[in-house]
Each structure stands twice: as C-alpha cells, then as structure tokens.
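One structure is given here, and the rest of the page talks about it.
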Amino acid sequence: MPSERPDWTLRAPPKTWDEQLEIAKKLTVKDASGTVTQYGIRIPSAGFPSWLFSGIVYGNGGKITNGLGTATFIDSPEVIDALEKLVALSTTEGVMRPGILEWGATPQAFFEGQTAMMWTTTGNLTNVSKNAPFDWGVAMLPGLKQNGAPTGGGNFFLSKDLSGDELSATIDFVKWISAPAQSIAWTKATGYVSPRAETYETAAMKAFLAEFPYPIIAKNQLQYAGPEFSTYENPKTVGIFNRAIEAVMLGEKQPAPAMKEAQAAIEEILKDYR
Amino acid sequence: MKQTVSLAPFASPFAGHVEMSKFRKFLPPFLLLSPSIVLLLTFVHIPAIHTIYLSFFSTPKGRRPSKFKGLENYQDMIADPVFWKVLGNNVIYAITTIPASIIIALIMAQLVNSALPGRPFLRFSFFLPVVLPLIAVGNIWLFFYLPGFGLIDQIGSLFGLPNTNILGSSETVLWGIVGVSIWKESGFYMIFFLAALQGIPRDLKEAAYIEGASNWQIFRRITLPLITPTILFISVIATINAFIRIEHLFSMTQGGPNYNSALLLYYLYENAFVFWDTAYAIAQSVFLIVLLSIIGIGQIFLMDRRVHYQ
C-alpha cells in the first residue's frame, strides 16, 4: 500500500511506476547543503525484502515460483529488471534513502515527514489513520507494466493424522477464527484484509468501510496479487533470495549476477524434490 | 597427622601395602568429586562427544533417515562462503570488543575507585547496562541507530552531520553491533576490576608516594601487575562472550543485511532452527567448541607466565 502525503498527489496518486518515480522526484526535498530532508518514497526491506519485491515482479509481468514449490524463476529478465528498478530508486534516482530500510520505523518516517510516500503492509492502516498528523491517502501499488501486489498472511494446517473429535474441533476453530465477526474486529484493529469475501458483504463491514474506505483498496488489489514465495525447504530458499536482494540493495552485487547465483543455489536444493 | 585422621574411615587390613595406600589416597577425593563428575559427564562431556559423533551423519528429513556421511558436513562448511564471512565477522567483533571493553572497564573502575563527588551515582550508571537483558539493550540501540530520527542522527544534525543508516549499510552494521557489545560488557568487567583494585594493599601505594612515584608509575608498576590475574580472567570471559552472546542480533539485525552482522553462533542457530539443517549445525558446533577450547587454553598458557598471583 503506498500512502502519500497531502499536496496534489492526494488527488492524483501514481498509477504506474514511472508516475511514482516522477512524483517521488518532486517530493524529494533537499536543504541548502544538499542533504535530503524528505525522501520521495520508502519501500522497507529489512529481513525479508523479497516480500514487497515480489509485488514489483508481478507488476512487471513476472513470476517468482512455479506454484508447486519445486522451481523458482528469480533469474528471469522480469525479476532482474524489477530489481534494477527498485535499486535505482536509492542509487541513480536518489528518491529513496540508501541501504536497508526497517519495517518498524517506516510509518514513523512517514509521520515525521522523512518520506513522502511509503509502501507498507495493510496491517499498518489503522496505525497510520490514528497517528498521521496530516491528511493522507492510499492507492494500489504502481506497477512497472501492470498492477501487481504480494500477498501475505499465515496458514492453518490440518494434520492428516487428525480424526474424529480432534478433526471436527480443528475445523470448527478455523471456521470460527476466519468468520466475519472475528475478521471485522481484526480488520478494524489493524487494516489487514479479511480472509473471506463474505465478510465484505456484512452490514457491519459496510458500515465500517463507509466511514473509513481505505481497507477496500487492498481488498480490490487482490485480483492483481500473486502468491508469496513458497518452495520446499522454504526457510533456506527464501533466505537465499532475501540475502541476494539485500546484497544488491547494499551495492555488494549487481542485480543480474546476484539473481543468477541465487537461482543456482536454490536449484541445488530443489532438484531433489522433482 | 592430619591425613591419617581424614583417612581413618577408609583404613583397611592391607594398610601399608603400596597399591592400597595409593588407593586409599585417591578414594576420598574421588568420592567427594564424584557428584560433580557425574553431572559434568552427563550434561557436558558425553553430549559433547555425542555431538562429534553426530557430525559425521546427514540431517534426517521426512522419509529419508540420517545416514553416515563421513567428513562431508565439514567439507560443506569449508566450501560455504557464508561460514567464512560470519567467522571473519566474529574475529573482527572479538578483536575490537574485547580490548575496548577491558580498557574502558579499567578506566571506569579507576574512576569509581577514586574519591570523586557523586561516586555512587557513577557506579550505578556504569553498572546499569549490566542489569539490562542484552535483547532489551538491542532494542534500545535500535532506536539510537534509526536513520533520520534516531538519537545519533538527531545529535549529528545539531552539528550539521548527514544522516546515517548504520544498521542498513554493509560497511557500518558490524560496528553498530560492536558498539552495543562494548557498552553492555564494560560495566560488567568494571565490577571485577573494582574488586581487584580494592584488594591492592594501601601501604604499597603509600610507600610509592613517599618514594616520589607519579600516578602513572604507580599504575604501571603496582596496580597493573597486581591486577593481571583479573585481566586474564576477564579476557577469557570476554573471549567466550564474543562467541556466545548473540541476543542483540535477534532484536537488531537478524544477522543481516546479507550476513554482514551475523556471528558464528547466530549462523549456527539459523542452520539448526530456521533451516533445520541440524547435521550442518552440529559440524559448526564442533568447530566452535574446538575453537573456544584452543583460545581458552592458549590464553591461560600464554598469560600464565606474565600473571603475578599474590
């Protein structure tokens, strides 16, 4: 979710990556000595940069995995191009603070006027609505070629060994926790997307959205979203992907060799699972 | 006489026989030590030896049970560039944090040992970091280091310095961690130095004053030689700490970005409990045990010749 500071951007948020870059340039403010006092944009990257990055890849018409967990495509031209565009924000374009950027400090940087726009999790919506000391807005993630977004969240796993009372109790619990009543409370408190579509049809949710419409943008963006990176031995493979993105963002490696190297390392792990 | 009394309960009809007298000599201390020997064997030595044994096997995964791999885990370790990177980080971390925290601790101990006004307050403030859990210290420093509005950038901006991104750049992140460690550990070592300084007999210094020795001469010729056992003790503890204290990494950087702040034990933890590659983690554990044993024993041998025990 990019959120923006007021001015004219509130009325016309960027729809494409190029528009975003153009606005970010206009919103990057420097003082007399040339030090940047307000960056145009901030895309947090600490720990798991691959998550928001996969949204940029989907917006570039690319894919990161085959959906079966047995292959990744992170050395594809769409991924490498997306990474080049992301890194350019803090290098050649100078509209984003260089280096790795913390998630936790991102809303704070927005409130303090250190960044004019930010990409962050929908789970920050309520936080921003309560704490931003100015008028602000929400828009879908601007894509390089098309709309695109990552998806997040957690999963409930049902063990195949469950049976009888245990199984029905587990199913009851999963139904209960994802039911509209619980989801609405969750969405109100955080801004997160409710997992079931029916929740958005309830009177309570409609009343909430009539008052605070921004959460619906994230829900509507889901049609352009792609799945989160997920393969066999996921902690290891996604770790390789994350570290490779970090190496590029830190300026230690170039996008193409870093992604090719990471793809080869992941291939080495996944070949046993095909 | 004393010995005969203590051995009395173990006296045997074969008393006087050479073998038996040896047996009688060793049995009581052995019996007295046996509870701790049993505990140490059960919880330290046997698991350590078992770890070495396990390091020759592969990680069991789902359908595939563990199988003998010989030295393959160690070969993987040698071929792993990340392992060398984190080992290098750890060496830099150790050779900067240890001397720095020892020197600062000694200066602080000298300060709070002298008759300064507000001494209790100074002692308290120097000791404060010690009582904080390292993971909380990490969180505090995370806010100090925040780019733009963290304490360091706020102070820097008063002097017109540019903003920093200490934990977000490969050149500076390890130094950020080193700083936290020095801040945290110095107060702890200060306590040992303070005890050692207070144990130095006052008449030695008074005699030196009468002879016309300067403060520096007193420190160099009297204080320093008399606290060398403490320096040895602290340097052993500090070396071990440099390899085993990693809690701040969890709250600050998770070893990142791109392993630039990862230390050996953190990488070991990641392999064991994030990647679940337990066999590889075990091989690294063996490496760590051997490394620490060599450093620990080496330090004691090397410094023993220069240490003056009173």
Side-chain angles (χ1 to χ4, degrees), chain A residues 30-39 42-50 90 96-115 232-253 258 261-262 265 268-269 272-273, chain B residues 58-59 61-64 76 79-82 85-86 139 142-150 153-154 156-157 159-174 176 249-262 267 269-277 280-281:
Chain A
K30 288 179 187 169
D31 65 11
S33 64
T35 311
V36 177
T37 54
Q38 172 182 286
Y39 282 98
R42 176 166 171 139
I43 301 178
S45 45
F48 45 102
S50 68
S90 51
M96 184 161 82
R97 185 187 289 280
I100 297 296
L101 302 170
E102 274 292 327
W103 284 87
T106 296
Q108 192 63 29
F110 182 61
F111 303 152
E112 305 250 344
Q114 306 247 330
T115 184
Y232 285 96
E233 295 200 36
N234 201 55
K236 215 170 201 176
T237 55
V238 81
I240 292 169
F241 189 29
N242 279 325
R243 301 297 85 81
I245 298 171
E246 283 169 2
V248 174
M249 297 196 75
L250 292 167
E252 293 177 348
K253 285 178 184 168
E261 222 174 274
E268 191 59 34
I269 295 166
D272 293 347
Y273 292 90
Chain B
S58 70
T59 305
K61 271 181 208 161
R63 287 153 289 173
R64 278 171 294 179
D76 289 348
D80 179 2
V82 178
K85 185 171 184 176
V86 300
N139 270 318
L142 197 59
F143 287 103
F144 289 175
Y145 286 144
L146 275 182
F149 42 87
D153 273 7
Q154 287 199 6
S157 69
F159 300 99
L161 295 171
N163 281 345
T164 59
N165 190 354
I166 292 170
L167 299 183
S169 324
S170 29
E171 298 82 18
T172 49
V173 63
L174 189 59
L249 297 183
F250 287 90
S251 57
M252 295 181 76
T253 63
Q254 295 83 50
N258 193 25
Y259 293 112
N260 280 304
S261 67
Y267 187 51
Y269 158 83
E270 192 178 71
N271 277 296
F273 301 109
V274 179
F275 303 156
W276 292 103
D277 192 348
Y280 185 37

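Quick note on labels: first sequence line is chain A, next is B, and so on, each numbered from 1. Heavy atoms only: backbone and side chains are in, while hydrogens, waters and symmetry mates are out. Computed from a prediction, not measured in an experiment: that's the story for all the values here.
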Most contacts with chain A, counted as non-hydrogen pairs under 4.5 angstrom, among B:Trp276, B:Phe143, B:Phe275: B:Phe275
Residue among A:Asn234, A:Val36, A:Thr35, A:Ile100 with most heavy-atom pairs under 4.5 Å to chain B: A:Ile100
Answer key: most heavy-atom pairs under 4.5 Å with chain A among B:Pro147, B:Gly255, B:Gly160 is B:Pro147
To the nearest 0.5 Å, atom CZ of B:Phe149 lies from atom CD of A:Gln114 at 5.5 Å
Partners meeting side chain to side chain donor-acceptor pair (under 3.5 Å) with B:Thr59 (sequence neighbours left out): B:Asp277
In this structure, NZ of A:Lys236 is separated from CG of B:Asn271 (nearest 0.5 Å) by 6.0 Å
State, to 0.1 Å, how close A:Glu252 and B:Ser170 come at their nearest heavy-atom pair, and which atoms those are. OE2-CB, 2.9 Å
What one should report as the nearest heavy-atom pair of B:Ser169 and A:Leu250 is CA-CD2, 3.8 Å
Relative to chain B, which segment of A:Pro98 carries a heavy atom at a distance below 4.5 Å: side chain, backbone, both, or neither? backbone
Locate the shortest heavy-atom distance separating A:Ala247 from B:Asn258; write the atom from each residue and the value. CB-ND2, 3.2 Å
Determine the option with the most heavy-atom pairs under 4.5 angstrom with chain B, choosing from A:Pro235, A:Gly239, A:Gly104, A:Ala46. A:Pro235
Side chain to side chain donor-acceptor pair (under 3.5 Å) partners of B:Ser58, counting only residues at least two apart: none
Go through A:Ser33, A:Ala244, A:Ala109, A:Gly47 and name the one with the most non-hydrogen pairs under 4.5 angstrom from chain B. A:Ala109
B:Asn165 side-chain N/O to A:Leu101 backbone N/O, donor-acceptor pair under 3.5 Å: no
Could you check if a side-chain atom of B:Asn163 sits within less than 4.5 angstrom of a side-chain atom of A:Arg97, using non-hydrogen atoms only? yes
With only heavy atoms counted, which part of B:Thr172 is less than 4.5 Å from chain A, the side chain, the backbone, both or neither? neither
